[in-house]
Amino acid sequence: MSDEVAALDSALGNDDVSSEATDPALEGDVESQQEKLVQKHKNTGNALFAEQKWEQASKQFTLALKFAPPGDKEAAAVLLSNRSAALCSWSMQLRSRPAALSESRAIFAPDPTHLAQLALKDAERAAQLRPTWHKGYSRQGAALFLLERYGEAETAYLEGLMLAPGNATLTEGLNKVQAVLAEQQQARDTSDTAAGSDGRAGPKRQRRLAREADDTECILCMKLLCEPVTTPCGHTFCRSCFSRALDHSSKCPCCRTVLHVARELPVSITLKNLLLKAFPEDYAARLAEESSAAAAAAEGDGAAAAGSGGSGGGGGAGAATLPLFVMSTMLPGEKMALNIFEPRYRLMVRRCMEGSHLLGMAQVARDHSLDPIACEAAITECQQLPDGRYYLELTGRRRVVIDRSWEQDGYRVGSVKHLKDNPPEPGSQEAQELQSVAAE
Ligand SMILES: [Zn+2]
Ligand SMILES: [Zn+2]
């Protein structure tokens, strides 16, 4: 660390906070006084921040941090996050300053890159103290962007979005960094093409074409990439292939990196456009293939069912297709919680949630055959846990009879008809008996 940098660090108060001794006899008073000081400096810092006085604001947050009780991680994380934001803004301000001004004051001005590094350090500490708070990641993303570490910035924003899906600041940051990444990729591609158009670079161009053929193929289905998604580790798959791989493991299917990503990665627009341009017909065919497969799985297409080994004909009048969870049946109106961890049922739940949210709760009889009476149930709550399991809450809707059933991608699907319940006449003996049973 240079002298100049060390001086800046101490000006910002990055020295050891715990070295200050306190008199134990006065601790109670000291504590409440310290609390007041923390609040005072924090408020002043926030006010200065609003006035865009970044340097003074960051100094106030430093003072607040100095008096913050060592055990209060939440408070420290907020202060660090605020200081990180102030340092980031200060860094941006210095960067956008006209050259003439920075030349005349060159000696006194801190280095914007160093400020961004300090902002990153604060953001990382904030995230350590409060790992489930999205702001730590949002600040990391902003600082990494300033440091031009775009890949890492993208990862930070994605991690934040896992904690706060749809957050506007995180989404904006992610879009900004992905735009830069796409621009860089495009610049690389054009420079490659330019080299290829050179008469002497014939072999290089051929190599490029061969490489392109590999890059446009999904390693999971060996077909042209369809709706490509790219993981933080940089590997690209068809969106549907990637979702199915995640049913089995939360690791990247290519490099085995553990992925802390949301199941629905955004489609890489730039790559998709390149594919559409290069292979318009193949891409359209792949899209049609994918969407018909998805529709068949979600709705239980009769023809597809017959094709995959169903013994009967197409679904008759009044028949519907339901995916079946074979465990135990339930009663209409009954509620049940389920933990889904088997890959085949994860796939089933995922498809259910893309479609009608309905499934059939079925059970096997003593002779191991499927009991024909089952219950149609609605998924009323569905939480995906970080390790890929699902927590479900179901409510039984109505009884169904399973006409026939077959296997689809490892789980059971049935063609079902609804059973009509005939409630007894009000006031009849049967109704009275039922009421007394229900009251017990
Ligand atoms: Zn694929
Ligand atoms: Zn990977």
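We count ligands from 1, going down the list as the structure has it; atoms in each ligand are counted the same way. Keep in mind the model is a prediction, meaning the values are calculated, not measured. This chain uses plain numbering: 1 for the first residue, then up along the sequence.
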Task: Cys255 atom SG and Cys233 atom SG as seen from the Zn ion (ligand 2), angle to 10 degrees - done: 100°
Task: the Zn ion (ligand 1) reached by Cys226 (N, O or S, under 2.8 Å) - done: no
Open item on the list: Need one value: angle at the Zn ion (ligand 1), Cys238 atom SG versus Cys241 atom SG, rounded to 10 degrees.
Closed with: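 Taking the Zn ion (ligand 1) as the apex, the two atoms subtend 110°.
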TODO: State whether Phe145 and Lys176 meet the cation-pi test: NZ (Lys) or CZ (Arg) under 6.0 Å from the six-membered ring centroid, and within 45° of the perpendicular axis.
DONE: yes
TODO: Give me the ring orientation class for Phe237 and Phe242: parallel if the planes are under 30° apart, tilted from 30 to 60°, perpendicular past 60°.
DONE: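 Ring orientation, 0 to 90° scale: parallel.
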- [ ] Flag the pair Lys417 and Asp403 as a salt bridge only when some basic side-chain nitrogen lies within less than 4.0 angstrom of an acidic carboxylate oxygen.
- [x]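 Between Asp403 and Lys417 there is a salt bridge, with a charged N closer than 4.0 Å to a carboxylate O.
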Open item on the list: Between Arg346 and Phe341 (side chain of the first, backbone of the second, donor and acceptor by atom type, cut-off under 3.5 Å), is there such a pair?
Closed with: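 Indeed, once roles are kept as given, a pair shorter than 3.5 Å links the two residues.
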Open item on the list: Please name the atom of His235, limited to N, O or S, that comes nearest to the Zn ion (ligand 2).
Closed with: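 Per the distance ranking, His235 contributes ND1 as its closest N/O/S atom to the Zn ion (ligand 2).
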